[in-house]
Each structure stands twice: as C-alpha cells, then as structure tokens.
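Worksheet for the structure shown next.
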Amino acid sequence: MFRVTIRGKFKGLDDAGRAAVTAGSGAAYTEVGTFTHDASVSAFTFRCQVPAGPDDDEDDAALHAMAALEAHGYAHEILQVAVTDMRAIKIRRKGRDD
C-alpha cells in the first residue's frame, strides 16, 4: 500500500466548491482521497491511499493519486507530491530486541 500526499492550490474555486471541500475534508488517507486546507480554502493537502500490486512503484502510486484528485473536479495546481511505500515501513515494538 502507498500513501500519497499532494500539496497544491485551488484555482478559481467558487463558493459551492469551497463548501464541498470544507464538508468533505479530513486528515485520513482513503482511496478516494481527502482534503485539508487553509482558512481561505485556497491551498490544500490531498491525502490518498493507493493499493500496491507486486510490480507497482512510487510513480504508479503518484499517477493513481493524481487521477483521484482530478476525479474531484476542482481546478488546481500541484506544488508537491510525496509518496510513502508502506510495504517498506518497519514497526519497532517496545521491549523487543528485533
């Protein structure tokens, strides 16, 4: 599984768009993606969770997340994309010598 974080700016978001983004905002990583935003709803962070196939890499995950962002239909400019491959994360548990 990949977690993709996209930072960007909305372009020409109207009042209805602002209301929709505000109503659907959250900090969780989901497959459809969630938004967090600044007070003026002009800058955003989009979080998307992308399932990982055996041959998928970070570029595939970024493209999938950008498609999920596009599916929301808001005009935007992407400023930064960060991808974390959760398969590579090691969890250290207290009290264990691993």
Candidate pair H76 and K11, rule side-chain contact (heavy atoms from CB on, under 4.5 Å), full reasoning: CA-CA 5 Å; H76 63 275; K11 295 167 70 175; 5.6 Å; no
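- I78 contributes atom CD1, which lies 6.5 Å from atom CD of E70 (distance to the nearest 0.5 angstrom).
- By the criterion of side-chain heavy atoms lying less than 4.5 angstrom apart, applied directly or through intervening Ile, Leu, Val, Met, Phe, Trp or Tyr residues, V32 is not grouped with V50; the two fall into different hydrophobic clusters.
- The side-chain heavy atoms of T36 and R47, taken from C-beta on, include a pair separated by under 4.5 Å.
- Connection of M1 to F46 is not established within any shared hydrophobic cluster, with ILVMFWY side chains joined at heavy-atom distances below 4.5 Å, either directly or through further cluster members.
- Scanning all heavy atoms of the two residues, the minimum distance from Y74 to A20 falls at OH-CB, 3.3 Å.
- The minimum heavy-atom distance between V83 and F2, with the atom names listed, is CG1-CD2, 3.8 Å.
- K90 contributes atom NZ, which lies 11.0 Å from atom CZ of R92 (distance to the nearest 0.5 angstrom).
- Between V81 and A62, the closest heavy-atom pair is CG1-CB, 4.1 Å.
- Between the side chain of R18 and the backbone N or O of L13 there is at least one donor-acceptor pair closer than 3.5 Å.
- To the nearest 0.5 angstrom, T84 atom OG1 is 6.5 Å from Y29 atom OH.
- Shown here for R87 and D56, the closest heavy-atom pair between the two residues is NH2-O, 3.2 Å.
- Between F35 and H72, the gap from one ring centroid to the other is short of 6.0 Å.
- Judged by distance alone, with hydrogens and angles left aside, the side-chain atoms of S25 form a donor-acceptor pair with the main-chain N or O of T22 at under 3.5 Å.
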